[in-house]
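The block underneath contains the structure these notes are about, expressed in structure tokens.
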2 protein chains.
Amino acid sequence: MAIQRRPLREQIREELLLRLDRGDFAAGKDLNEVALATELGVSRTPLREALITLAGEGILESNQGRGFRFAPVSGKEFGDLCEIVAGLEALAVELTAPDDLLALAPDLLRLAQGFPDRIAAQQEIEIHDDEWHDLLLSKCPNERLLDLLTSVKAGMRRYTHLIAGEDALLEREAEEHCRIAEHLAAGDIPAATAALRDNWVDGMERMTSRIPGAGADGG
Amino acid sequence: MAIQRRPLREQIREELLLRLDRGDFAAGKDLNEVALATELGVSRTPLREALITLAGEGILESNQGRGFRFAPVSGKEFGDLCEIVAGLEALAVELTAPDDLLALAPDLLRLAQGFPDRIAAQQEIEIHDDEWHDLLLSKCPNERLLDLLTSVKAGMRRYTHLIAGEDALLEREAEEHCRIAEHLAAGDIPAATAALRDNWVDGMERMTSRIPGAGADGG
DNA sequence: TTCCTGTATTTTGTATTCAGAATTCATAAT
DNA sequence: ATTATGAATTCTGAATACAAAATACAGGAA
């Protein structure tokens, strides 16, 4: 048995992200530290440490004297995040050895084609999507870049919930993944990164229409 | 008088970054929380909050039961960071309105040409360099991207100290800035971003030779 | 002498306490 | 009726207290 000793703040952070994924938190509403700490069975200290970490990642925002809250969704911010992730993922692909990309291509194609049934649960679809992107990046040697991507993507999750469950959009996503994989299989990395950027830009456009207060500051 | 009420953790974070810039901390050595807190005149609580924030930014690393330490320099990590900043800055330029870049070009050129005297203090030169890059990015509308850049750059500062004070290298830096500004003045944004990437790649190469344990993991 | 082991000390990680700010609610004045 | 004012309450931000882990050190055995 592998005994793991990890700081509470990390475990709490993960639990909070999980709950955010489940949509447990109302965006824009200040969250109560004592209530949350009690619920989690920890004291306020490690909870606050986790909250501060999440604030540093841009997932929460903090206001002096008023505590923390999950940042309200905003079309502008989602667009900003998409641009960033698009740029970073493209960079990660460019930094990956061409041979590795070539080796990865078949698996990526298979994964994209085996997109889960449209009936499948939202969560499952999102996990599948994440898996595809993780596989794509798996051979990138720049560890800091991968960390950064993970962090930025965590801040996007609450947006991707809004899109899930739309058949046409999912089909389009799978199709785009296939195209990217095909470019990689053909050894055409510039085309692949361009398609990858398009994938995120498309995602942004798909989303902005259904974000309350899209384009504007949101609130 | 503008009354400022900011959380201690933020002020402490800035102070720690300042001290890091001054080279007060021995990299790789665990830092003592009680001693540091006493020195700063605060309790351990907000200090630890600042440390956790810095750890989230990759500037510190934390080990269970052993506290925090400034991550030891490593050629590999510096290279990773350069690639990231190069990619992000190039992205920021691409996202800036061409008109804004055109308007910015003369100021950028002037600033690059007026590079401080080689006799000037290290710190002054670094500030000047930062100013140039800040001006370059000043019209980028993607706020999250700018935040991210600030954070990543903060983690690089302890590396840039190692290079300062080398005449030839500084001259080269100024020269590259001029070239980028000229591309922008000519409205050739792709050439400018390419030169910008080169600027960072060059910076990486300039540095790796003088980082202890360059290329390898550094330790 | 060197290496191991057990104890003392130091230092971190977490809980609790305290002080002050923000919010809420009630009351009074316009 | 509405708005302003002030007290009471709630909650955050920071300090202190406590427990457990890590380190340092001393003593003993090989």
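Order of the sequence lines fixes the chain letters, A, B, ..., with proteins taken first and strands second; residue numbering starts at 1 for each chain. Please read these numbers as outputs of a predicted model, since none were measured by experiment.
- The residues A:Arg144 and A:Asp147 are annotated as not salt-bridged, no charged nitrogen and carboxylate oxygen being separated by less than 4.0 angstrom.
- For residues 30-47 of chain A, proximity to DNA chain D is found at A:Leu31, A:Asn32, A:Glu33, A:Arg44, defined as any non-hydrogen atom under 4.0 angstrom from a strand atom.
- B:His128 places a side-chain N or O within 3.5 Å of a backbone atom of B:Leu111 that can act as its donor or acceptor partner.
- The pair A:Glu57-A:Arg157 fails the salt-bridge criterion, with no side-chain N (NZ, NE, NH1 or NH2) lying under 4.0 Å from an Asp/Glu carboxylate O.
- Atom pair B:Arg5:CZ and D:dA14:C1' shows a separation of 12 Å (rounding to whole Å applied).
- Shown here is B:Lys153, whose NZ atom has more than 12 heavy atoms of other residues, nucleotides or ligands within 6.0 Å.
- Scored by the salt bridge (Lys or Arg N to Asp or Glu O under 4.0 Å) test, A:Arg48 finds A:Glu33, B:Glu49 as partners (sequence neighbours excluded).
- For B:Leu8 and D:dT12, the CG to P distance is 17 Å, given to the nearest whole Å.
- The nearest whole Å value for the distance from the CG atom in B:Asn63 to the P atom in D:dA22 is 11 Å.
- For the pair A:Lys76 and B:Glu143, the salt-bridge criterion is met [side-chain N within less than 4.0 Å of a carboxylate O].
- Residues A:Arg9 and A:Arg66 each lie close to DNA chain C; by heavy-atom proximity, the contact nearer the 5' end of the strand is made by A:Arg9.
- Rounded to whole Å, atom P of D:dC11 lies 16 Å from atom CZ of A:Phe68.
- No side-chain donor-acceptor contact under 3.5 Å links A:Trp200 to the backbone of A:Glu83.
- Comparing the local axis fitted to the first five base pairs of the helix from C:dT1-D:dA30 to C:dT30-D:dA1 with the one fitted to its last five gives a bend of 10°, rounded to 10°.
- Protein chain A contacts DNA chain C from C:dT14 to C:dT23, reading 5' to 3' and using non-hydrogen atoms of the protein with a distance under 4.0 Å.
- Contacts of B:Asp30 classified as salt bridge (Lys or Arg N to Asp or Glu O under 4.0 Å), with partners at least two apart in sequence or in another chain: B:Arg69.
- Between the side chain of B:Asp80 and the backbone N or O of A:Asn142, no donor-acceptor pair lies under 3.5 Å.
- Within the 4.5 Å cutoff, the side chain of A:Leu18 has no heavy atoms near those of the A:Glu14 side chain.
- Shown here are the salt bridge (Lys or Arg N to Asp or Glu O under 4.0 Å) partners of A:Glu131, two or more places apart in sequence or in another chain: there are none.
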